[in-house]
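It should be emphasised that the depicted structure is a prediction, and the values quoted were computed from it without experimental measurement.
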Amino acid sequence: MVRPVHRVVFAALLLVCGLAGLPATQASAASGHLVATWSASSDRLPTAIGDQTIRMVVRTTIGGTGLRIRLSNVYGRKAVTFKSAFVGLQAYGAELESATNQLVTFNKKRSIRLQPGQAVWSDPVMKKVAPSQNLTISLYVPGYHAEVTGHERAYATTFLSDPGNHAGDETAGPFTYTSTQWYFVDRVAVTTSKKVRSVVALGDSLTDGAGQNTDANRRWTDYLYQRMSGLPAAKRMSVINAGIAGNQVLRWGTGPSALSRYYRDVLSQPGVKTVVIFEGVNDISKGGLTSAAPLINAYKKMIKLAHAKKLRVLGATLTPFSGYSSWTPERERVRQQVNKWIRTSKAFDGVLDFDRAVRDPEFPEQLLGSYDHGDHLHLSDAGRRKLAYTVRLSQVL
């Protein structure tokens, strides 16, 4: 069963994070034109898994053929064996649509053992995957693991079984526990037309989806994909969420810093074409920044890395947080400096003025009431939807 443990983040993991995204980990996914259809940025979870089956629900964006999943042990302290893996279609809760649960193999083997720092793509499974489809990924993990690689705030229900291997079971019976975390799976990709690409949004809780109800799929990136789905099929793009709640651009804390995870979580995504950088408010609200210079320098580094891979990079202005517990006039000045640079420097290939979109016109240092989830930092459903509709689709296509 799931047990909480203390979170410990070691600076030495910086090396591991960099290695985990190297092309070698994607060698098994090299055939065909792969495009990510779902992803979750990884951290070390204060959670234990012990001799049980995990059934997670993830929602695709684009459809395609030859679906693959990627398993990650980036933050593991010891090797993890995945004895059995299945992918199916969700009916309701932990129950699957009849006869949809399919065995997943890794280099044609039913099980895979990952050492700390490793990640691996599966072999293709499922001949056809639909857009906006709720997939179930079931993993049987024997043995006891005190801390695991995963995503803390999934805003989605994950089902955990009593002891034993129930990955191939299509019923909900064995799954007696729930959590709101994703474990070990950090990527799902499909084979599709070479014209199909993805947009990846790097961010913190405002991108991760804070404020939405569990299983609602109301992140601003979800709303953006809803808009994408109205385009002709040849123009649609996958929308990938690379947010971690509490994350900072410069400092490790809640997850690795955005700078240190940028290659793995963003630049190495299969099929990426456009990057959105919407992060920095935690550096200001939680840190000791006295000027915008450190953040600006970090943005410049990320822009340079993306341009080296011929990717388009959009910068999003930082949204207001006056009224939040950590707001001060000094921090507001830094936020304004950052936003001015994003708007006027022309360093980005385009600007998404999220600040202007959700601020109160009469009190621009704070959110408009209807866009405020209630704590003066995080956005309501209407606020997250507003961000998505601020994006001109021509900017990301």
Side-chain angles (χ1 to χ4, degrees), residues 4 7 38-47 56-59 150-158 178-182 186 200-226 239-249 251-258 261 265-266 276-287 316-327 331 335 352 354-355 357-360 365-391:
R7 177 186 300 276
W38 173 89
S39 187
S41 297
S42 295
D43 190 8
R44 176 177 291 157
L45 300 184
T47 298
M56 295 162 284
V57 181
V58 305
R59 190 170 182 83
H151 189 83
E152 175 70 38
R153 299 188 186 182
Y155 301 101
T157 303
T158 288
T178 63
S179 82
T180 53
Q181 300 168 317
W182 286 310
D186 72 347
V200 183
L202 177 73
D204 47 40
S205 59
L206 297 171
T207 294
D208 205 11
Q212 68 175 320
N213 293 332
T214 300
D215 302 319
N217 293 307
R218 292 177 181 170
R219 304 163 189 85
W220 75 262
T221 52
D222 294 319
Y223 286 117
L224 180 59
Y225 182 70
Q226 288 177 17
V239 181
I240 298 302
N241 190 303
I244 295 180
N247 200 226
Q248 296 185 44
V249 173
R251 298 175 60 187
W252 283 54
T254 306
S257 69
R261 68 186 181 92
D265 289 352
V266 178
V276 175
I277 297 175
F278 176 37
E279 187 162 355
V281 73
N282 287 326
D283 296 76
I284 295 171
S285 69
K286 296 180 179 180
T317 54
L318 304 182
T319 50
F321 67 103
S322 177
Y324 190 65
S325 58
S326 62
W327 184 90
R331 288 171 174 167
R335 186 183 74 91
L352 307 177
F354 286 173
D355 169 47
V358 298
R359 70 191 184 194
D360 187 329
E365 69 276 8
Q366 68 183 29
L367 293 169
L368 189 67
S370 59
Y371 297 148
D372 188 345
H373 180 63
D375 64 0
H376 310 298
L377 170 65
H378 297 105
L379 299 171
S380 64
D381 285 350
R384 281 178 265 106
R385 188 176 186 274
K386 179 67 174 179
L387 296 189
Y389 277 81
T390 299
V391 180

S.K.: List the steps, then state whether side chain to side chain contact (heavy atoms under 4.5 Å, CB included) holds for Val281 with Leu377.
M.R.: CA-CA 9 Å; Val281 73; Leu377 170 65; 4.3 Å; yes
S.K.: What distance do Ser42 atom OG and Glu152 atom CD have between them, rounded to the nearest 0.5 Å?
M.R.: 12.0 Å
S.K.: Can you list the residues that meet the side chain to side chain donor-acceptor pair (under 3.5 Å) rule with Thr317, with sequence neighbours excluded?
M.R.: Asp353
S.K.: What distance separates Ser370 OG from Leu379 CG, expressed to the nearest 0.5 Å?
M.R.: 10.5 Å
S.K.: Could you give the distance from CG (Asp186) to CG (Asp43), rounded to the nearest 0.5 Å?
M.R.: 12.5 Å
S.K.: Where do Ala258 and Glu279 come nearest, in terms of heavy atoms and distance?
M.R.: CB-OE1, 3.6 Å
S.K.: Identify the two heavy atoms, one from Leu318 and one from Arg335, that lie closest to each other, and give their separation to 0.1 Å.
M.R.: O-NH1, 2.7 Å
S.K.: Can you tell me if Thr158 uses its side chain to pair, donor with acceptor, with the backbone of Ser179 under 3.5 Å?
M.R.: no
S.K.: Check ring pair (Phe, Tyr, Trp, His ring centres under 6.0 Å) between Trp38 and all other residues, then give those that pass, not counting sequence neighbours.
M.R.: Trp182
S.K.: Picking from Asn241, Asp208, Thr207, what satisfies side-chain hydrogen bond (donor to acceptor under 3.5 Å, both in side chains) with Thr221?
M.R.: Asn241
S.K.: Restricting to ring pair (Phe, Tyr, Trp, His ring centres under 6.0 Å), what partner residues turn up for Tyr225, sequence neighbours left out?
M.R.: none
S.K.: Compare every heavy atom of Ser39 with every heavy atom of Ile240, then report the nearest pair and how far apart it is.
M.R.: CG2-CB, 3.5 Å
S.K.: Can you list everything that forms a salt bridge (Lys or Arg N to Asp or Glu O under 4.0 Å) with Asp375? Sequence neighbours excluded, please.
M.R.: none
S.K.: Just to verify, what does Arg331 make a side-chain contact (heavy atoms from CB on, under 4.5 Å) with, not counting sequence neighbours?
M.R.: Ile284, Phe321, Ser326, Thr328
S.K.: Could you give the distance from CG (Leu206) to CZ (Arg384), rounded to the nearest 0.5 Å?
M.R.: 9.5 Å
S.K.: Just to verify, what does Asp204 make a salt bridge (Lys or Arg N to Asp or Glu O under 4.0 Å) with, not counting sequence neighbours?
M.R.: none
S.K.: So, using side chain to side chain donor-acceptor pair (under 3.5 Å) as the criterion, who are the partners of Ser41 when residues are at least two apart?
M.R.: Arg261, Asp265
S.K.: By side-chain contact (heavy atoms from CB on, under 4.5 Å), which residues pair with Arg251, not counting sequence neighbours?
M.R.: Gln248
S.K.: State, to 0.1 Å, how close Gly209 and Arg219 come at their nearest heavy-atom pair, and which atoms those are.
M.R.: CA-CG, 3.8 Å
S.K.: Name all residues meeting the side-chain contact (heavy atoms from CB on, under 4.5 Å) criterion together with Gln366; count only those two or more places apart in sequence or in a different chain, and write none if there are none.
M.R.: Ser322, Asp360, Phe363
S.K.: Just verifying a value: how many Å separate Asn217 CG and Gln212 CD, rounded to the nearest 0.5 Å?
M.R.: 7.0 Å
S.K.: Roughly how far apart are Trp220 CH2 and Thr390 OG1, rounded to 0.5 Å?
M.R.: 9.5 Å
S.K.: Please identify each residue that fulfils side-chain contact (heavy atoms from CB on, under 4.5 Å) with Arg359, with sequence neighbours left out.
M.R.: Pro320, Arg343, Asp355, Arg356, Pro364
S.K.: Between Lys386 and Tyr371, which heavy-atom pair has the shortest distance, and what is it?
M.R.: CD-OH, 3.5 Å
S.K.: Excluding sequence neighbours, so at least two apart, what forms side chain to side chain donor-acceptor pair (under 3.5 Å) with Ser285?
M.R.: none
S.K.: Name all residues meeting the side chain to side chain donor-acceptor pair (under 3.5 Å) criterion together with Asp283; count only those two or more places apart in sequence or in a different chain, and write none if there are none.
M.R.: none
S.K.: To check you understand the geometry: which heavy-atom pair defines the closest contact between Ala388 and Tyr223, and what is its length?
M.R.: CB-CB, 3.4 Å
